[in-house]
Undergrad: 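Quick one: the structure is below, questions incoming.
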Amino acid sequence: MVTKQFTGSPDEADLRRADSLGREIFSDVANKWALLIIEALGERTLRFSELRDGVEGISHKMLTQNLRMLERYGLVERTVYPVVPPRVEYTLTEPGQALRVTIDGLCDWTHRYFGHIEASRRRFDA
């Protein structure tokens, strides 16, 4: 993965531009697994296996990749304890918690309009 370098102000991170760092961040963070991981963490601290159990259908590889990306963006903090076997825990940082508020809104929207969307899908697919 080639990461774009950004040297301007945050106002220049235009999501409408294909080559903007803002779009790269948005694309990475708005993937289904990242959203589900952030929602699963909530206000808790979880171990890798607890996260894998909490995000149904995610593979070990996808969980690892997404946790690394979220840690790189400063949304998740990874704590490694020097014990045998190693114990690793994950928790949301302050920016991660702020993003979670947005994700909670998306979850609320999904629950509110689920019936409407399902009915529209049935009509469209008929």
Undergrad: Other than Phe114, which residues form its hydrophobic cluster under the rule that side-chain heavy atoms must be closer than 4.5 Å?
TA: none
Undergrad: Heavy-atom distance under 4.5 Å between the side chains of Val76 and Leu41, does that happen here?
TA: yes
Undergrad: For side chain to side chain contact (heavy atoms under 4.5 Å, CB included), just list the numbers for Arg47 and Arg87, CA-CA rounded to whole Å, side-chain angles, deciding distance to a tenth of an Å, and then say yes or no.
TA: CA-CA 8 Å; Arg47 296 179 71 174; Arg87 190 174 98 217; 3.4 Å; yes
Undergrad: Start with the C-alpha distance between Arg52 and Glu50, add both sets of side-chain angles, then the distance that settles salt bridge (charged side-chain N to carboxylate O under 4.0 Å, His left out), and finish with yes or no.
TA: CA-CA 5 Å; Arg52 192 177 57 229; Glu50 293 171 318; over 6 Å; no
Undergrad: Check whether any side-chain heavy atom of Leu67 lies under 4.5 Å from a side-chain heavy atom of Leu51, and answer yes or no.
TA: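 Contact flag for Leu67/Leu51 side chains = yes.
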Undergrad: Please say yes or no: joined through hydrophobic side-chain contacts below 4.5 Å, possibly via intermediate residues, are Tyr90 and Val83 part of one cluster?
TA: no
Undergrad: State the CD-CG distance between Gln65 and Leu63, to the nearest 0.5 angstrom.
TA: 10.0 Å
Undergrad: Would you compute the distance between atom CD of Glu94 and atom CD of Gln97 and round it to the nearest 0.5 angstrom?
TA: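 The distance works out to 9.0 Å.
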Undergrad: Checking Thr64 side chain against His60 main chain: does a donor-acceptor pair fall under 3.5 Å?
TA: yes
Undergrad: Would you find a donor on one side and an acceptor on the other, under 3.5 Å apart, between the side chain of Thr45 and the backbone of Thr91?
TA: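 No; zero donor-acceptor contacts below 3.5 Å.
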Undergrad: Enter the distance from Leu70:CG to Ile38:CD1 here, rounded to the nearest 0.5 Å.
TA: 5.0 Å
Undergrad: Would you say Asp104 and Glu39 make side-chain contact, with heavy atoms under 4.5 Å?
TA: yes
Undergrad: Could you state whether Leu46 and Val80 fall into the same hydrophobic cluster, counting links through intermediate Ile, Leu, Val, Met, Phe, Trp or Tyr residues with side-chain heavy atoms under 4.5 angstrom apart?
TA: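 Same cluster.
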Undergrad: Where does the angle between the aromatic ring planes of His116 and Tyr113 fall among parallel (under 30°), tilted (30 to 60°) and perpendicular (over 60°)?
TA: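 Perpendicular.
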Undergrad: Could you tell me whether the side chain of Asn31 and the main chain of Asp28 form a donor-acceptor pair under 3.5 Å?
TA: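 Judged by distance alone, yes, a pair lies under 3.5 Å.
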Undergrad: Do Tyr81 and Glu89 have side-chain atoms, one donor and one acceptor, less than 3.5 Å apart?
TA: yes
Undergrad: Any non-hydrogen side-chain atom of Ile117 less than 4.5 Å from a side-chain atom of Thr110?
TA: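 Sidechains of Thr110 and Ile117: no contact.
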Undergrad: Dump the intermediate steps for side chain to side chain contact (heavy atoms under 4.5 Å, CB included) on Trp33 and Asn66, then the final yes or no.
TA: CA-CA 7 Å; Trp33 295 124; Asn66 277 274; 3.7 Å; yes
Undergrad: Hey, are the side chains of Leu92 and Arg100 touching, using non-hydrogen atoms and a 4.5 Å cut-off?
TA: yes
Undergrad: Kindly determine whether Ile37 and Ile58 satisfy side chain to side chain contact (heavy atoms under 4.5 Å, CB included), including the steps that lead there.
TA: CA-CA 10 Å; Ile37 290 166; Ile58 194 167; 4.1 Å; yes
Undergrad: Give the C-alpha distance, both sets of side-chain angles, the deciding distance and a yes or no for side chain to side chain contact (heavy atoms under 4.5 Å, CB included) between Arg72 and Met69.
TA: CA-CA 5 Å; Arg72 180 172 183 248; Met69 178 269 299; 5.5 Å; no
Undergrad: Flag yes if more than 12 heavy atoms outside Glu43 fall under 6.0 Å of its CD atom; otherwise flag no.
TA: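 No - once you tally the heavy atoms of other residues, nucleotides and ligands closer than 6.0 Å, there are 12 at most.
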